[in-house]
Amino acid sequence: MSIWIGDPTIEIANEKGADTLNRNLGIEITEMTENSLKGRMPVDERTKQPAGVLHGGASVALAETLASWASIFAVDRSRFHCVGMEINANHVRPVSSGWVHGEASPLALGRKTHVWEIKIVNDEGKLVCVSRCTMAVLEMPSQY
């Protein structure tokens with residue numbers, strides 16, 4: 001059984017992200033499964049730190065982007081809007097080129113808060129970052 005409400009699509013997320021941080025960092029939403037949202041981000045001059053590897057902040061931006069869209073898609077958008085409350089991340093492996101791929105899966109989908117786990121891997125499928133993001137569910141129409 002799918003966790004998604006209404007008719008969310010990856011096209012909606014990518015279109016709404018057009019003139020935002022998402023596009024500036026090259027973040028793309030790539031797939032929706034029945035209970036997760038996936039995306040990717042290039043490891044290039046936009047997302048690397050001066051030492052030449054993926055900036056931890058860019059990983060966090062990818063993680064929060066996935067959690068935010070996942071929360072929005074898991075509520076009735078005519079009644080609710082979701083915003084980030086807290087995010088943490090453990091960076092476990094450097095990446096210097098290619099893409100990183102993230103997947104947000106719910107740990108808890110409550111009436112007022114959602115908690116998402118986001119795993120980010122490199123092109124070889126090796127774990128790069130694991131993050132947890134808590135989203136507030138607000139009683140107001142979605143701004144997305």
Side-chain angles (χ1 to χ4, degrees), residues 1-51 53-95 98-123 125-144:
M1 183 169 139
S2 176
I3 62 171
W4 312 122
I5 295 175
D7 293 320
T9 67
I10 60 175
E11 290 79 18
I12 291 170
N14 288 325
E15 287 171 17
K16 294 277 188 181
D19 291 316
T20 69
L21 174 100
N22 298 358
R23 186 172 81 182
N24 290 329
L25 295 181
I27 294 172
E28 304 169 12
I29 307 302
T30 57
E31 183 182 351
M32 294 176 75
T33 70
E34 285 206 5
N35 63 0
S36 72
L37 185 68
K38 298 179 182 184
R40 69 182 190 160
M41 180 177 66
V43 180
D44 62 17
E45 70 283 351
R46 297 170 289 178
T47 59
K48 286 182 184 180
Q49 57 173 272
V53 296
L54 180 64
H55 193 292
S59 293
V60 171
L62 174 59
E64 186 157 352
T65 297
L66 292 171
S68 293
W69 278 111
S71 271
I72 289 294
F73 289 162
V75 299
D76 178 346
R77 295 185 304 281
S78 69
R79 296 180 51 217
F80 300 103
H81 181 63
C82 301
V83 296
M85 288 176 59
E86 189 273 341
I87 189 164
N88 66 51
N90 294 100
H91 309 289
V92 298
R93 175 175 281 107
V95 181
W99 292 82
V100 287
H101 309 268
E103 182 172 11
S105 302
L107 296 175
L109 295 176
R111 289 180 299 133
K112 300 285 185 183
T113 59
H114 293 173
V115 181
W116 296 89
E117 177 181 64
I118 306 92
K119 291 185 179 176
I120 299 173
V121 300
N122 63 15
D123 285 328
K126 294 181 179 177
L127 187 65
V128 170
C129 175
V130 63
S131 179
R132 188 181 64 236
C133 186
T134 303
M135 302 292 297
V137 180
L138 307 177
E139 291 190 45
M140 63 182 280
S142 176
Q143 303 300 300
Y144 281 29

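Note that the coordinates shown come from a computational prediction; the quantities given were computed from them, not determined experimentally.
The structure places CD of E86 at 11.5 Å from OG1 of T113, a figure rounded to the nearest 0.5 Å. Note: W69 CH2 to I12 CD1 = 7.5 Å, rounded to the nearest 0.5 Å. Put simply, SG on C133 and CD on E117 are 12.0 Å apart, with the number rounded to the nearest 0.5 Å. Rounding to the nearest 0.5 Å places CG of L54 at 12.5 Å from CH2 of W99. A distance of 4.5 Å separates CD1 in I120 from CG in L62, rounded to the nearest 0.5 Å. One finds the CE atom of M41 at 9.0 Å from the OG1 atom of T65 (value rounded to the nearest 0.5 Å).
For the pair Q143 (side chain) and P141 (backbone), a donor-acceptor distance under 3.5 Å is present. The main-chain N or O of N88 is found under 3.5 Å from a side-chain atom of S131 such that the two form a donor-acceptor pair. Side-chain atoms of N22 do not come within 3.5 Å of backbone N or O of I27 as any donor-acceptor pair. Side chain of R93 to main chain of L127: a donor-acceptor pair is present (N/O by atom type, distance under 3.5 Å, no hydrogens or angles). In terms of modelled atom types and a separation under 3.5 Å, the side chain of T47 and the main chain of P42 share a donor-acceptor contact. Although no hydrogens or angles enter the test, the distance criterion places a donor-acceptor pair under 3.5 Å between the side chain of E34 and the main chain of M1.
The pair R23-D19 counts as a salt bridge, with a side-chain nitrogen and a carboxylate oxygen less than 4.0 angstrom apart. Ion pairing between a basic and an acidic side chain is recognised when a charged N comes within 4.0 Å of a carboxylate O; E28 and R40 show such pairing.
A donor-acceptor contact under 3.5 angstrom links the side chains of H101 and D123, judged on distance only. A donor atom on one side chain and an acceptor atom on the other are found under 3.5 Å apart for T33 and S36. A side-chain donor from one of W116 and S71 sits under 3.5 Å from a side-chain acceptor of the other.
Atom CG of D76 has more than 12 neighbouring heavy atoms from other residues, nucleotides or ligands inside a 6.0 Å radius. In this structure, K119 places its NZ atom where only 12 or fewer heavy-atom neighbours from other residues, nucleotides or ligands lie under 6.0 Å away.
The shortest side-chain heavy-atom distance between C129 and V92 does not fall under the 4.5 Å cut-off. Side-chain contact between V121 and V100 is absent, with no heavy-atom pair separated by less than 4.5 Å. The closest side-chain heavy-atom distance from T30 to I10 is not below 4.5 Å. Counting heavy atoms from C-beta outward, S68 and Y144 have side chains that approach closer than 4.5 Å. Counting heavy atoms from C-beta outward, V137 and H114 have side chains that approach closer than 4.5 Å.
Residue I72 comes nearest to S142 through the heavy atom pair CD1-OG, 3.7 Å, listed as atom of the first residue, atom of the second, then distance. Between L25 and A61, the closest heavy-atom pair is CD1-CB, 3.8 Å. Taking every heavy atom of both residues into account, N35 and P106 meet most closely at O-CD, 3.1 Å. Residue H91 comes nearest to S59 through the heavy atom pair CE1-CB, 4.1 Å, listed as atom of the first residue, atom of the second, then distance. Minimum interatomic distance between L37 and L66 (heavy atoms only, all atoms of both residues): CD2-O, 3.6 Å.
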* Asked: Do M32 and F73 pass the side chain to side chain contact (heavy atoms under 4.5 Å, CB included) test, and can you show the C-alpha distance, the side-chain angles, and the key distance before you say yes or no?
  -> CA-CA 10 Å; M32 294 176 75; F73 289 162; 3.9 Å; yes

* Do V95 and V53 pass the side chain to side chain contact (heavy atoms under 4.5 Å, CB included) test, and can you show the C-alpha distance, the side-chain angles, and the key distance before you say yes or no? -> CA-CA 5 Å; V95 181; V53 296; over 6 Å; no

* To do: List the steps, then state whether side chain to side chain contact (heavy atoms under 4.5 Å, CB included) holds for R132 with V115.
  => CA-CA 7 Å; R132 188 181 64 236; V115 181; 3.7 Å; yes

